[in-house]
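The structure appears right after this line, and notes come after that.
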2 protein chains.
Amino acid sequence: MEEHQLKAAGLKITSPRLKILNLLAHGELDHLSAEAVYQALKDLGEDVGLATVYRVLTQFEEAGLVERHFFSGNQAVFELTSDSHHDHLVCNQCNKVFEFSNDKIEQEQAIIAESLGFVLNDHRLHLYGDCKNPQCTHKIQSK
Amino acid sequence: MEEHQLKAAGLKITSPRLKILNLLAHGELDHLSAEAVYQALKDLGEDVGLATVYRVLTQFEEAGLVERHFFSGNQAVFELTSDSHHDHLVCNQCNKVFEFSNDKIEQEQAIIAESLGFVLNDHRLHLYGDCKNPQCTHKIQSK
DNA sequence: TTTGCTGCAAATGCTTTGCATGTAG
DNA sequence: CTACATGCAAAGCATTTGCAGCAAA
């Protein structure tokens with residue numbers, strides 16, 4: 001149950017938080033912007049203020065429940081933190097996001113950080129390109 | 001000479017463009033925000049409007065002369081495009097940026113993109129951590 | 001009841017744009 | 001002379017914050 005995760009994060013169990021967590025966990029879409037979360041909830045008839053969406057997503061991030069990514073540089077997108085780490089491949093045409101993971105890369109990153117005397121906290125690997133899928137001929141706005 | 005690069009990019013040779021290109025090529029600092037470029041020029045007694053700095057940096061980026069990075073998510077930084085590709089390691093404490101390159105990682109990225117049917121255009125690999133350098137005890141604002 | 005949460009509107013910070021003036025070619 | 005550049009001020013967008021009213025524990 002989602003309630004448990006909120007409690008573990010030291011957050012009160014409130015309706016907006018449950019709705020947002022539920023949307024991220026069971027919704028159709030992934031890698032949603034705050035605005036997209038706001039809209040998705042509105043479309044479900046669940047009205048939550050945009051400021052609250054921002055606040056809750058930030059709290060979730062601080063609690064480690066979600067991760068924030070900047071694929072485009074001007075708008076953050078959020079995804080539920082998954083048990084298995086992965087990186088991202090973004091299509092420049094349709095903005096679709098693909099996930100992948102690669103142990104060799106992870107390993108090399110650790111070696112590099114080590115050799116430079118760094119204690120690694122986090123990292124982001126974003127690949128940008130064009131997916132050749134037939135369905136990717138038109139631009140889809142994933143705002 | 002810098003003039004040649006501007007000409008090759010189809011840009012008129014103007015004073016602001018030369019000053020900015022020169023700053024990036026021969027200045028002390030690297031990975032500068034637009035604001036930082038504006039300030040650095042002002043400190044040199046060279047006044048260039050902030051809007052012009054933004055416009056010129058964007059034109060340089062389009063021409064492939066500079067690269068734009070989002071290390072922090074809310075402010076872009078720019079660096080001269082170098083002949084040798086490299087990725088970045090950012091210290092969470094002092095915001096210092098270190099560069100590195102790793103052929104294995106580059107190679108794996110290509111394999112991943114290939115296997116997912118992607119034509120790769122670009123990528124960003126950012127490592128975040130704490131550098132253990134003695135000089136990194138205080139927070140330095142690299143604004 | 002107390003502490004923390006929500007919604008709204010206003011504020012913020014980075015970046016872009018409109019427009020009148022200036023200047024490279 | 002013409003097309004493109006510049007500077008300023010205003011606008012734009014994503015995100016944050018202040019505050020009064022609400023709700024969870």
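Residue numbers begin at 1 in each chain, while the letters A, B, ... track the order of the sequences.
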What's the CD-P distance between A:Glu62 and C:dC5, to the nearest Å? 12 Å
May I have the distance from A:Phe70 (atom CZ) to C:dC14 (atom C1'), rounded to whole angstrom? 13 Å
Please confirm whether the shortest side-chain N or O distance from B:Thr14 to OP1 or OP2 of C:dT23 is below 4.0 Å. no
Side chain of B:Arg17: nearest nucleotide among C:dG7, D:dC4, D:dG7? D:dC4
Look at A:Tyr54 and D:dT15 and indicate whether a side-chain polar atom (N or O) is within less than 4.0 Å of OP1 or OP2. yes
Would you mind classifying the nucleic acid contact of B:Arg55 as base, sugar-phosphate or nothing, using non-hydrogen atoms under 4.0 angstrom? base
Nearest to the side chain of A:Gln75 - D:dG7, C:dT15, D:dA14? D:dA14
Does a donor on one side chain sit under 3.5 Å from an acceptor on the other, for B:Arg17 and B:Thr52? no
Given atom OH of B:Tyr38 and atom P of C:dG13, what is their separation to the nearest angstrom? 16 Å
Quick check for you: among C:dC5, C:dT15, D:dA5, whose closest atom lies nearest to any side-chain atom of A:Lys12? C:dC5
Taken to the nearest whole Å, CG/A:Leu18 to P/D:dA24 is 10 Å
B:Glu3 CD - C:dA24 C1' separation (whole Å): 12 Å
Taking the side chain as everything from C-beta on, heavy atoms only, tell me whether B:Phe60 gets closer than 4.5 Å to B:Phe78. no
Does B:His126 have its ring centroid less than 6.0 Å away from the ring centroid of B:Phe71? yes
Under 30°, 30 to 60°, or over 60°: which ring-plane class applies to A:His88 and A:His86, parallel, tilted or perpendicular? perpendicular
